[in-house]
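Below you'll find the structure, written out as structure tokens, and then a few comments.
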Amino acid sequence: MALDFPQIEAKWQDAWYSARVNESEPEQGKPKFFMIFAYPGVTGYLHVGHMRGYTVSDAIVRYKLMTGYNVLFPVGTHATGNGAISFARRVERRDPATVDILTSNGCSEETLSRLEDPLEVVRFFNGIYLNDYWKRFGFFSDWRRFTSTINPDYMRFIEWQMLKLRAEGLLIQKPYYAAACVEHGPVAIDASETDISKGGSAEVLEYSLLKFELEDGRKLAAATLRPETVFGLTNFWVNPEVEYVDARVGDETWVVSRQAAEKLALQMDDVEVVDSADGGSLIGKSCKAPYTEKTIRIFPSALCDPDVGTGLVMSVPSDAPVDWVGLVELRGDSLVRKEYGITDAMLNEAAPVAIIDTPGYGPLPAVEVTERMGISSLDDPRLDEATREVYKTGFHKGVMNSSSGDFAGWHVERAKDAVREQMIESGAAAMFYDLSEEVLCRCGNKVLVKKIPDQWFIDYGNAALKESSKEHALTMKILPKEYHDNIQNVLEWYRERACVRLGNWLGTPFPLDDRWIVEAIADSTLYPIYYVLAKYANEGLMRPEEMNEPFFDYVLLGRGDVQTVACATGIDTKVLSAARAEFEYWYPLDINLGGKEHMTVHFPVFLMNHVGILRQEHWPMGIIVNWYITATGGKISKSKGGAQPIPDAAERFGVDAMRLFYAHIASLYVDVAWEDEKVQSYRDRIERIWNFVVDSIEMNDGPASDVDAWLRARVESWIAEAHAYMEQYDLRSYANNVYFEISQDFKWYLRRGGASKEVVGEALRTWTQLMAPITPHLAEEIWERLGMPRFVSNSQLRSARRTESTELEEAKERLLSSLITDISEILRVTSIKPSKVVLMTAPRWKNDVLDNALSGGEEGADVGRLVKEAMPSLPQDARKELPAFAKAVASEVGRMSPDERRRASARVDELTVLRVAKEFLEDYFRCEVLVFSADDTAKLDPENRARQARPGRPAIHVE
RNA sequence: GCGAGGGUAGCCAAGCUCGGUCAAAGGCGACAGACUCAAGAUCUGUUCUCGCAGGAGUCCCCCGGUUCAAAUCCGGGCCCUCGCACCA
């Protein structure tokens with residue numbers, strides 16, 4: 001009989017939610033478990049990959065619920081930022097891809113026009129996430145606590161957080177250079193291109209702007225990434241085709257390209273274009289280099305790009321292949337030389353000057369590389385490659401040579417910053433920021449780097465904060481372990497982080513200055529707390545305008561007394577006390593689970609804000625990082641709308657099959673490709689289990705047998721292992737046992753003639769409980785069939801009762817199954833069709849020797865001692881065998897782990913076990929089976945195989 | 001570049017923290033058999049090579065080292081993936 005997945009999913013979800021099994025209230029004295037997953041940003045539909053982390057969270061929470069914990073597992077969404085705004089804009093202009101995604105998900109034209117409003121977009125997707133994803137998957141989340149970051153009450157919480165950061169001295173202000181659109185303000189440069197229409201992979205480059213003084217006092221400003229090469233300057237490049245301008249900067253006049261002047265104006269105060277400047281007229285003239293004060297000649301070059309840097313370039317032919325090739329080309333270009341009057345003497349003055357010792361190169365790497373590669377023209381596309389090669393080695397491995405003055409002997413990497421600093425200090429240079437490629441805003445305007453003079457930062461560089469956070473992180477349960485170790489480095493590396501931004505964004509206005517909006521990472525650090533309070537706001541027990549600083553101070557920091565706070569807020573004292581008690585009950589957060597992208601972004605600030613603002617007893621306890629589900633042949637990205645819409649997949653495969661897929665397909669800490677066939681096979685597995693269970697429930701009761709005790713023993717092992725795995729949140733091993741190993745045990749039981757309805761029923765109940773965290777709908781359906789009261793989901797999973805006797809029961813069956821393996825192996829290799837199998841258990845003395853070896857304790861067994869102690873009592877014919885056997889046993893025992901020792905000590909009466917199992921074996925191999933002890937003088941052993949018998953491994957003879 | 005993770009049999013994926021229980025779990029695929037009118041359903045077995053006795057040989061990206069013993073530890077190399085800050 002097939003399972004109707006959608007039907008049972010709906011049935012149990014209705015039942016759970018109407019019985020409010022998913023809702024959480026504090027219960028003093030009962031241990032609590034508080035878990036969240038990092039809430040998703042509201043930027044469109046999610047895809048099947050996102051459900052991995054969410055599902056794992058739900059499974060953990062469900063397990064905790066079944067093991068005595070009062071659990072809290074709230075969910076929410078992150079609407080801050082421009083995701084919803086840009087989505088609304090795409091809808092507004094009826095972007096075909098966006099419209100297509102929406103309509104294929106069933107949106108009407110009416111809904112479409114509603115979604116032109118960003119707030120409606122947020123509302124719309126909040127509904128989708130809640131209903132189509134999380135409820136659809138049967139999560140045990142307390143829906144009453146749902147919150148979203150642009151809800152008015154949540155915003156009050158963020159305001160409070162910023163005030164506390166300031167109070168702790170963790171807010172600082174300083175200038176900042178950000179990519180910005182002239183019209184829309186700062187934009188994010190990011191490959192997913194939420195803000196921009198072009199240039200997602202651009203970077204902000206830090207140029208040094210070096211000033212070269214002309215005879216008339218004006219200054220040519222050249223932008224370079226390598227200021228330390230100032231010592232190797234030989235000439236200057238100007239493009240006669242480019243339009244330059246004279247720009248007044250403070251009390252100086254700079255010559256730069258018109259485009260560069262515009263950029264400078266955004267980054268420096270007091271920049272004004274006063275005149276145009278003719279590049280051609282400069283050529284042939286001289287200018288004075290900064291720092292070295294060397295006089296160099298100005299030459300023409302077509303390579304100066306007015307959009308890159310300042311459109312003016314300083315020339316270092318020793319280390320820049322482009323400069324060297326430029327000089328070579330110029331030397332051979334008589335036409336140009338004639339036009340600008342460039343003489344051989346001038347060119348000779350521009351001969352390369354060696355400045356850097358680069359491992360693997362001579363004194364002039366650029367000359368060397370271009371000659372080796374045979375590059376002689378600026379049009380040669382391999383110039384880029386040559387530049388990269390020289391730059392890379394020179395910058396990271398090079399050392400400044402004796403021609404670099406005070407910096408001789410410095411590593412280039414260090415010299416770069418030091419030289420720049422000195423030049424800036426002396427007024428010979430300035431900083432200049434530019435993008436590595438053209439970036440266009442969604443509106444079509446150019447994105448440029450703009451100085452923001454009074455940017456606010458959270459000071460994650462604060463030494464005390466950093467130290468406490470690192471120390472606390474060591475005590476946290478952080479998985480995977482690699483991240484537990486690495487987060488130390490991440491925290492160490494953290495520095496100030498911009499926490500507010502200008503522009504058209506959804507989010508909380510910055511309480512210290514409402515031109516700013518609190519930035520999207522900064523408003524999502526303490527938020528687990530807010531789930532505790534959201535219930536009260538959602539139920540109308542407090543209004544946003546009442547949630548002021550005294551309110552949060554009282555509830556979260558325990559400041560003030562309830563009467564005063566009630567006056568200051570207008571909130572009922574009962575509500576205040578309850579909220580505070582509830583916070584104290586649930587906090588700290590036990591687990592925050594999120595994708596690997598959070599490792600260097602969200603998790604560190606999440607931790608540090610807790611440490612910075614809250615009392616130590618409220619600092620978070622654990623972090624779990626999950627890796628991704630990807631699509632075959634590339635990421636299934638959110639922006640592309642999702643290769644596999646979640647409701648569709650749920651419909652096709654069933655929620656439980658997907659949940660099992662997420663739990664079992666691989667360790668959480670590797671990326672896994674989504675494959676329909678894989679999910680389908682989990683669906684098959686679930687149906688197989690269902691059919692098996694139904695058959696078992698309907699089975700006829702049979703007589704008690706000797707495997708009953710074995711199955712009971714196995715149940716104890718299932719439970720013990722389940723708890724052990726979940727202790728480590730190792731869902732995969734847990735699922736492997738529950739969905740694959742356990743069914744094997746049932747099959748073995750039946751095969752061995754087990755028939756007790758009672759024993760099977762007992763085992764089925766435990767099995768069902770074990771399934772409940774991962775495949776809850778299936779488990780409930782089975783639980784109901786078993787006649788159990790609602791619900792398996794909140795039934796209690798007891799702890800295991802393993803004893804010596806359960807060990808023995810398991811050892812007994814292990815003996816049989818390994819015996820079957822051995823016999824089958826012999827039959828397979830020899831191709832004998834057996835008419836008779838003779839089994840001979842090890843003689844008594846071998847057991848004694850093994851026991852003796854095992855009792856030897858830690859120092860292990862000594863062969864000599866074993867032989868000496870066993871010899872006297874041995875029958876004559878065994879004495880020859882003893883030394884070899886003792887040696888084998890000694891080495892075997894020597895390398896046993898404690899676990900193996902325990903098992904080996906739990907040996908069973910093999911003769912009896914085999915005699916009892918004789919019929920079973922005869923049935924299995926369809927032939928006669930004879931059982932002897934090797935001690936038995938009447939045994940049937942024509943080939944003298946009895947000597948091979950060892951404890952746990954009877955000798956075998958087949959014919 | 002900086003930082004992190006990884007390369008295991010046809011494929012996916014455990015194992016590596018604590019070296020021996022590892023020819024290396026499990027799943028998928030493939031092959032064979034059983035049950036069947038039949039099957040893409042289910043069950044059983046096989047799936048590195050050799051083997052008419054439960055075994056042997058070779059193996060866990062490559063090279064080298066430590067060790068009685070290495071998939072596991074150390075060094076070097078090649079290759080892949082990911083994060084890098086105002087992007088959630």
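Side chains included, hydrogens not; waters and symmetry mates left out as well; all remaining heavy atoms used. Lettering of chains follows the sequences in order, A, B, ..., and the numbering in each one begins at 1.
Two rings, from A:Tyr133 and A:Tyr54, have their centers 6.0 Å or more apart. Between A:Tyr527 and A:His78, the distance from one ring center to the other does not fall under 6.0 angstrom. You'll find the ring centres of A:Tyr669 and A:Tyr483 outside the 6.0 Å limit.
A:Ser696 is linked by a side-chain hydrogen bond (donor to acceptor under 3.5 Å, both in side chains) to nothing, counting only residues two or more places apart in sequence or in another chain. Residues forming a salt bridge (Lys or Arg N to Asp or Glu O under 4.0 Å) with A:Arg685 (at least two apart in sequence, or on another chain): none. Take A:Tyr154 and apply the side-chain hydrogen bond (donor to acceptor under 3.5 Å, both in side chains) test, not counting sequence neighbours, and it matches A:Tyr39.
In the interface, the side chain of A:Tyr628 is not paired with the base of B:C82 through any donor and acceptor atom under 3.5 Å apart.
Backbone-only contact: A:Ala520 has heavy atoms under 4.0 Å from sugar-phosphate atoms and none from a base. Nucleic acid contact class of A:Thr80 (heavy atoms, under 4.0 Å, all strands): sugar-phosphate only.
Between the NE2 atom of A:His602 and the P atom of B:C84 there is a distance of 15 Å, rounded to whole Å. Put simply, CG on A:Asn626 is 16 Å from P on B:C82, counting in whole angstrom units. Note: CG (A:Leu827) to P (B:A32) measures 22 Å, nearest angstrom. Here B:C18 presents its C1' atom at 12 Å from NZ of A:Lys481, a figure rounded to the nearest Å. Separating the CG atom of A:Asp695 from the P atom of B:A41 is a distance of 17 Å, rounded to the nearest angstrom. The CG atom of A:Leu660 sits 14 Å away from the C1' atom of B:C28 (whole-angstrom rounding). A:Arg497 has its CZ atom 9 Å from the P atom of B:A85, to the nearest Å. To the nearest angstrom, C1' of B:A41 lies 17 Å from CD1 of A:Ile686.
A distance of about 11 Å separates the P atoms of B:G45 and B:G26, rounded to the whole Å. Using atom C1' as the reference point in both B:G10 and B:G5, the two lie 26 Å apart (nearest Å). When the P atom is used for both B:A71 and B:G20, the distance is 10 Å, rounded to whole Å. Distance check on atom P: B:A41 versus B:G54 gives 37 Å, rounded to whole Å. Here, B:A85 and B:C12 have their C1' atoms 35 Å apart, quoted to the whole Å. B:A23 and B:C78: their P atoms are spaced 33 Å apart (whole Å). Going from the C1' atom of B:C61 to that of B:U81 covers 16 Å, rounded to whole Å. Spacing of P atoms, B:U66 relative to B:C74, comes out at 15 Å, to the nearest Å.
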Pick out the pairs of N or O atoms, protein on one side and nucleotides 11-13 of chain B on the other, that lie under 3.5 Å.
{"unit_1": "B:A13", "atom_1": "O2'", "unit_2": "A:Arg732", "atom_2": "NH2", "d": "2.8"}

Got a list of protein N/O to nucleotides 47-54 of chain B N/O distances below 3.5 Å?
{"unit_1": "B:G51", "atom_1": "O6", "unit_2": "A:Arg828", "atom_2": "NH2", "d": "3.1"}
{"unit_1": "B:C52", "atom_1": "O4'", "unit_2": "A:Val829", "atom_2": "O", "d": "3.3"}
{"unit_1": "B:A53", "atom_1": "N6", "unit_2": "A:Val958", "atom_2": "O", "d": "2.7"}
{"unit_1": "B:A53", "atom_1": "N1", "unit_2": "A:Arg945", "atom_2": "NE", "d": "3.2"}
{"unit_1": "B:A53", "atom_1": "N1", "unit_2": "A:Val958", "atom_2": "N", "d": "3.1"}
{"unit_1": "B:G54", "atom_1": "O2'", "unit_2": "A:Asp822", "atom_2": "OD1", "d": "2.9"}
{"unit_1": "B:G54", "atom_1": "O2'", "unit_2": "A:Arg953", "atom_2": "NH2", "d": "3.2"}
{"unit_1": "B:G54", "atom_1": "O6", "unit_2": "A:Gln948", "atom_2": "OE1", "d": "2.3"}
{"unit_1": "B:G54", "atom_1": "N1", "unit_2": "A:Pro954", "atom_2": "O", "d": "3.3"}
{"unit_1": "B:G54", "atom_1": "N2", "unit_2": "A:Asp822", "atom_2": "OD2", "d": "3.0"}
{"unit_1": "B:G54", "atom_1": "N2", "unit_2": "A:Pro954", "atom_2": "O", "d": "3.0"}
{"unit_1": "B:G54", "atom_1": "N3", "unit_2": "A:Asp822", "atom_2": "OD2", "d": "3.3"}

With the criterion being N/O to N/O and under 3.5 Å, what pairs connect the protein with nucleotides 2-10 of chain B, and how long is each?
none

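Ring orientation note: the planes of A:Tyr662 and A:Trp674 are tilted relative to one another, at an angle of 30° to 60°. Ring planes of A:His602 and A:His598: perpendicular class, angle over 60° (limits at 30 and 60°). Using cut-offs of 30° and 60° on the angle between ring planes, the pair A:Phe125 and A:Phe87 is perpendicular.
The number of heavy atoms from other shown groups lying within 6.0 Å of CD (A:Gln744) is above 12.
The partner of B:G55, taking Watson-Crick or G-U wobble pairs whose two distances both stay under 3.5 Å, is B:C50. The partner of B:G26 is B:C12, judged by Watson-Crick or G-U wobble contacts that both fall below 3.5 Å. When both distances must be under 3.5 Å, the Watson-Crick or G-U wobble mate of B:G1 is B:C84. Using the Watson-Crick or G-U wobble rule with both distances under 3.5 Å, B:A34 pairs with B:U42. In this structure B:G20 sits in a base pair with B:C68, meeting the Watson-Crick or G-U test at under 3.5 Å.
Side-chain proximity of A:Val601 to B:G45, B:C43, B:A88: nearest is B:A88. Looking at the side chain of A:His78, the nearest of the listed nucleotides B:C86, B:A88, B:G27 is B:A88.
Sequence order on RNA chain B of the closest nucleotides to A:Arg685 and A:Ile521 puts A:Arg685 first from the 5' end. Where A:Val500 and A:Tyr924 each meet RNA chain B at their nearest nucleotide, the meeting point lying more 5' is that of A:Tyr924.
With respect to A:Ile826, the side chain to side chain contact (heavy atoms under 4.5 Å, CB included) criterion is satisfied by exactly one of A:Val837, A:Ile956, A:Ile832: A:Ile956.
Geometrically, A:Arg752 engages A:Phe920 in a cation-pi contact defined by less than 6.0 Å to the ring centre and at most 45° from the axis. For the pair A:Arg226 and A:Phe395, the NZ or CZ position fails the cation-pi test of under 6.0 Å to the six-membered ring centre and within 45 degrees of the ring normal.
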Would A:Phe653 and A:Phe661 satisfy ring pair (Phe, Tyr, Trp, His ring centres under 6.0 Å), going step by step from the backbone distance to the final call?
CA-CA 10 Å; A:Phe653 303 107; A:Phe661 167 80; 8.7 Å; no
